[in-house]
2 protein chains.
Amino acid sequence: MKPEIIPNISVDCVIFGFDNATKSLNVLLIERVLKLENTQNAVVNDYVLKGFHTYENETIDETANRVLKELTGLDNLYKKQFNVFGDPNRLKNEKDVIWAQSEHFSDRTITIAYYILLPTDVVQTKSKFNPQWFPVNQLPQLGFDHKKIIAEAYADLKEDALSKPIVFELLADKFTIKDLQDAYETILGVEIDNRNFRRKLITKKYIIALDEKQVGVSKKPSQLYMFSKDVYQKIYKESYLINI
Amino acid sequence: MKPEIIPNISVDCVIFGFDNATKSLNVLLIERVLKLENTQNAVVNDYVLKGFHTYENETIDETANRVLKELTGLDNLYKKQFNVFGDPNRLKNEKDVIWAQSEHFSDRTITIAYYILLPTDVVQTKSKFNPQWFPVNQLPQLGFDHKKIIAEAYADLKEDALSKPIVFELLADKFTIKDLQDAYETILGVEIDNRNFRRKLITKKYIIALDEKQVGVSKKPSQLYMFSKDVYQKIYKESYLINI
DNA sequence: ATATAAAATGTTATAAATACGTTTAATTAA
DNA sequence: TTAATTAAACGTATTTATAACATTTTATAT
């Protein structure tokens, strides 16, 4: 017996992917298209975040995991529940009402929003949902209040990136210091001195040099590193350094 | 016409109050008592956070503001929405089910949890809800999953206190540097060198010395300061200092 | 006038951040 | 084989911040 959905509670996932080749921070969106029965004209045709309503027997985190698995095939992704969107009018514009009716959920749905971090190339974009990557600064027309949700997710990501080791989640397991710096520069929108950045990062005990270098590059290949979450958690002393 | 409540969505408020006289970080709780009709024996008798279900026409923030106004008579309190509690079994123990039935809400309610910061003495504890302060480390028997909610709120407060100017919310408008240090020490559970703390804080431009000293003390009265949110926001340059 | 007690201040050593140019090493072209 | 190319990798001096520690100041009470 299939579990029932809770018609007024959903989860939406802002999936951030970092494309290391183009140095672009992207968001994964799916198309929302609704055509009338007798015509080919789409009454709704835009993009939205992947989301779904919570089932009666699920926690909110489980809903998020289910949605992510469905879209990407992946488990154990880094995710953060960063805000709740519960404005009574958030789904009250015409297209959203039509959509809610066609999908049988309440247009007084509150959504619990997560953001997810991964490297773009781990996602199979040939899934049945036909997801597409868009640079976070060049988004298409978005349905519901998803423009706002993405903006808030990005603001939260910028803030967290400064104090938590989450940028590693956007890179492959093996990365160069340059890759890491590029990721920071793209996310924060700033330039960083490469000498100071390098010195600072390679002295961290949880950033570990591998016995391996880049292959297939036409110039001096660079050293590969990995991030050790274990080491990080061990040496993470709560420093109690007040920094206001 | 009274607005309808949404029976499965609520807000709970962890109200933190700092008692400057006893140097104690407290949580404001209300009693939850349910007596059977024919007897004086209470079937439910414990403490809970103040909360309430969301109305159809409210945002989540408005629900929180309404709940806070109702309990404390106050507006414009510092509040942060820090997590959502949506485990399907979170209200499924016997007492909670009885309570949910008596109050006509769903025992599959998800709650959006906020914490609030204020000095204890701004709250009139003689309100009809008879709220009581308990030290955060000596809480009474708690209903629902409120023990867990408070623990997570406190963890989040500790973290935010290190990087955001929120400790001021726990003090009166005029405070001494000693008051500020005491608040930090209590919240973080650490001792801080007063010479270094004082130097660091009084050099901040948003901590402003007033033309005023403590009165009614039997020893050298100390200088009073205020926190200027305006100045803070003006000089708050996003420093982009990576600190992982 | 003196005692009291908390408020307020100072110095030195170490560590971290910033601002800069130069050297190194692997690949590719001559 | 040698030289040119180009990104990777490294160094130093200056400034700023933190950490560790003891003494002086000042309003009130005696």
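Reminder, nothing fancy here: chain letters follow the sequence lines and each chain counts from 1.
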Starting at the 5' end of DNA chain C, which residue's closest nucleotide do you reach first, B:N196 or A:K220?
B:N196

Position toward the 5' end of DNA chain C (nearest nucleotide), B:T176 or B:I242:
B:T176

Of the listed nucleotides ([options]), which one gets closest to any side-chain atom of [X]?
X: A:R198; options: D:dT18, D:dA8, D:dC21; answer: D:dA8
X: A:S218; options: C:dA19, C:dA7, C:dT27; answer: C:dT27
X: B:S222; options: C:dA8, D:dC21, C:dA19; answer: C:dA8
X: B:K200; options: D:dT18, C:dA8, C:dC20; answer: D:dT18

By nearest-heavy-atom nucleotide on DNA chain D, the more 5' of B:P221 and B:N194 is B:N194

Which is more 5' along DNA chain D, the nucleotide nearest A:Q223 or the one nearest B:R199? Just name the residue.
A:Q223

Expressed in angstrom and rounded to an integer, what is the separation of [X] atom [atom1] from [N] atom [atom2]?
X: B:L241; N: C:dA15; atom1: CG; atom2: C1'; value: 14 Å
X: B:L224; N: C:dA6; atom1: CG; atom2: P; value: 18 Å
X: B:Q214; N: C:dA7; atom1: CD; atom2: P; value: 7 Å
X: A:I202; N: C:dA16; atom1: CD1; atom2: P; value: 15 Å
X: B:D193; N: C:dT11; atom1: CG; atom2: C1'; value: 13 Å
X: B:L210; N: C:dA7; atom1: CG; atom2: P; value: 17 Å
X: A:K213; N: D:dA9; atom1: NZ; atom2: C1'; value: 10 Å
X: B:L201; N: D:dT18; atom1: CG; atom2: C1'; value: 14 Å

Salt bridge check: are [X] and [Y] linked by an N-O gap of less than 4.0 Å?
X: B:K50; Y: B:D12; result: no
X: A:E152; Y: A:K147; result: no
X: B:K128; Y: B:E70; result: no
X: A:K23; Y: A:E185; result: no

Please check the phosphate of D:dC10 (OP1 and OP2 only) for any side-chain N or O of A:R195 closer than 4.0 Å.
no

Please determine whether a side-chain nitrogen or oxygen atom of A:K219 lies at a distance below 4.0 Å from atom OP1 or OP2 of D:dA8.
no

B:E62 (side chain) donor-acceptor with B:T59 (main chain) under 3.5 angstrom:
yes

